[in-house]
Amino acid sequence: MLLVNFIRQQADYVKERLSVRHFKQLQLVDELISLDESRRKWQVERDELQSKVNAASKEIGSLMRTGDTAGAEKLKAEVAAWKQQMEATAEIDVIEKQMHDILVQIPNLPSPLVPAGKTPEDNVVVREGGVVPAFGFTAKPHWDLVAQRGLIDFELGNKLTGSGFPVYRGKGARLQRAMIQYFLDYNTAAGYLEVQPPLMVNEASAYGTGQLPDKEGQMYHATVDNFYLIPTSEVPLTNIYRDEIVKETELPVRMTAYTPCFRREAGSYGKDVRGLNRLHQFDKVEIVQLVQPEKSYEALDEMVAHVERLIQSLELPYRILRLCGGDMGFTSALTYDFEVFSAAQEKWLEVSSVSNFESYQTNRMKIRHKDAHGKTQLLHSLNGSSLALPRILAALLENNQTEKGGIRIPAALHPSLGADSI
RNA sequence: GGAGAGUUAUCCGAGUGGUUGAAGGAGCACGCCUGGAAAGUGUGUAUACUCCUAAAGGGUAUCGCGGGUUCGAAUCCCGCACUCUCCGCCA
């Protein structure tokens with residue numbers, strides 16, 4: 001969430017930036033500021049009364065010790081009067097709750113680099129690479145390819161759990177493992193610490209990264225224990241540093257993790273969800289960074305270049321989009337999406353999203369460090385997929401199919417797969 | 001799942017109603033000492049909100065979390081979370 005003091009001091013700038021997102025409820029900004037004003041007024045009053053009560057209580061203590069019961073009783077009566085006055089200041093709690101409810105509705109401010117558009121068509125292509133294959137035959141979509149060679153069984157997943165929970169088998173399972181291994185090795189070689197986090201988190205963690213209260217319906221909820229299945233490893237990874245003041249020597253924090261991700265995808269349907277395009281459980285290797293504020297955009301560029309090289313090594317045609325204001329995630333200040341071209345479906349599939357959240361997440365989670373002047377300051381958080389597996393798999397299969405029915409595997413995956421085709 | 005014990009500042013740890021934001025030790029920072037270092041020694045060492053134009057300096061809150069009793073709570077009471085020990089179960 002945004003910092004209240006910042007909103008108060010830069011109200012016009014905040015509104016101007018929010019309008020880049022086409023955020024409609026700009027009146028929330030003014031409401032927040034006026035709530036904050038009355039909150040501070042009440043707080044001064046409450047603090048002053050409490051100060052009197054505290055002083056009187058100390059005096060009562062010493063009066064009792066000297067045996068001056070009458071004096072003590074007189075002071076007690078005064079304290080009682082002050083406490084009655086303090087009851088009115090309970091208003092603060094109401095105001096603070098209102099402020100909080102507003103704060104969680106205000107999205108992050110887009111960085112100046114964010115294009116002003118409204119829909120996905122307005123996203124800016126910043127780079128393209130790779131070659132879209134030309135087939136001399138009719139290319140098959142991945143759901144046919146995996147069914148023919150028994151790599152993935154969607155029907156079996158329906159039986160075991162439900163739709164969107166595929167069963168990978170044989171070489172299909174092996175290829176998943178090979179990709180995970182390759183991605184993790186690639187990330188750790190670049191200095192990311194490998195982490196295996198819990199796949200379920202408590203309410204505080206889900207709240208910390210912003211899944212709650214906003215996207216409650218998107219997570220699977222184990223209600224008996226009140227745990228949430230993680231929709232991405234970003235949640236446990238970032239929460240590792242919740243309520244921490246990170247030592248300067250530990251910065252920048254760079255972590256990577258492979259986890260399954262669980263998403264209810266409530267409301268999704270139709271052809272976009274066919275095959276591997278949209279699943280309830282899928283595998284993803286994530287990268288997360290926590291850095292000093294002045295270095296976060298440098299870190300973002302570096303993460304984008306890192307993911308780009310990984311996709312290049314998989315020999316897939318790709319493009320990098322800078323998301324426009326209307327298409328960005330709620331908590332992000334700047335996002336680059338990576339898409340690969342799926343040759344049989346003839347469409348671009350999003351395989352990674354790399355974002356700088358600036359201090360939006362770290363403010364909520366109180367992830368801080370001491371700056372050069374010894375002052376406590378929020379860090380910036382960034383994360384990205386490196387990479388999400390299902391759509392990469394879809395593109396690999398579709399793009400590398402041969403007329404005879406084989407599938408070529410890019411050289412980068414040969415060592416971990418132990419084969420050059422499937 | 002059952003029974004018991006516990007949760008205090010960066011860490012260890014004292015503290016069972018009244019100058020306790022909290023003893024003591026360690027760590028860390030700076031200084032003295034030293035040719036240099038160690039040892040020794042001195043000083044300092046939380047976070048959030050808030051008042052003040054700002055600094056300086058105040059005020060309030062925080063001893064797992066939330067609530068209650070009281071003039072006053074780390075200390076008493078209730079609820080919850082977590083940790084440890086024993087028993088049970090178990091990959």
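Residue numbers start from 1 in every chain, and the chains themselves are labelled A, B, ... in the order their sequence lines are given, proteins ahead of strands. The figures that follow rest on heavy atoms only: side chains count, while hydrogens, waters and symmetry mates do not.
- Counted by atom type alone, A/Ser205 and A/Asn202 present one or more donor-acceptor pairs between their side chains at under 3.5 Å.
- Under the Watson-Crick or G-U wobble criterion, with both distances below 3.5 Å, B/rA56 is left unpaired in every strand shown.
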Please produce a list of atom pairs where a protein N or O lies less than 3.5 Å from an N or O of nucleotides 63-73 of chain B.
residue: B/rC71; atom: O2'; partner: A/Ser57; partner atom: OG; Å: 3.0
residue: B/rG72; atom: OP1; partner: A/Lys83; partner atom: NZ; Å: 2.2
residue: B/rG72; atom: O4'; partner: A/Ser57; partner atom: OG; Å: 3.2

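- Along RNA chain B, the nucleotide nearest to A/Ser51 and the one nearest to A/Glu96 differ in position, and the one closer to the 5' end is contacted by A/Glu96.
- Nearest heavy-atom pair across A/Ala257 and A/Leu237 is CB-CD1, 3.8 Å.
- Side-chain atoms of A/Asn277 and A/Arg274 include no donor-acceptor pair closer than 3.5 Å.
- Following rounding to the nearest Å, A/Leu3 (CG) and B/rA48 (P) show an atom-to-atom distance of 11 Å.
- Residue A/Glu244 contributes atom CD, which lies 14 Å from atom C1' of B/rC11 at whole-angstrom precision.
- For the pair A/Trp82 CH2 and B/rG59 P, the interatomic distance rounds to 16 Å; values are reported in whole Å.
- Closest heavy-atom contact between A/Cys324 and A/Lys118: SG-N, 3.8 Å.
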Please list, for nucleotides 50-57 of chain B, all pairs of protein and nucleotide N/O atoms separated by less than 3.5 Å.
residue: B/rU50; atom: OP1; partner: A/Arg39; partner atom: NH2; Å: 3.3

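- Counting heavy atoms from C-beta outward, A/Asp122 and A/Pro115 have side chains that stay 4.5 Å or more apart.
- What separates CD of A/Glu45 from C1' of B/rC49 is a distance of 17 Å, to the nearest Å.
- An OP1 or OP2 oxygen of B/rG59 is reached within less than 4.0 angstrom by no side-chain nitrogen or oxygen of A/Gln50.
- Summarising the geometry, atom CG belonging to A/Asn356 is positioned 10.0 Å from atom CD belonging to A/Gln289; distances are rounded to the nearest 0.5 Å.
- For A/Lys97 and A/Asp101, the salt-bridge test passes: some basic side-chain N is under 4.0 Å from an acidic carboxylate O.
- The shortest side-chain heavy-atom distance between A/His142 and A/Leu396 does not fall under the 4.5 Å cut-off.
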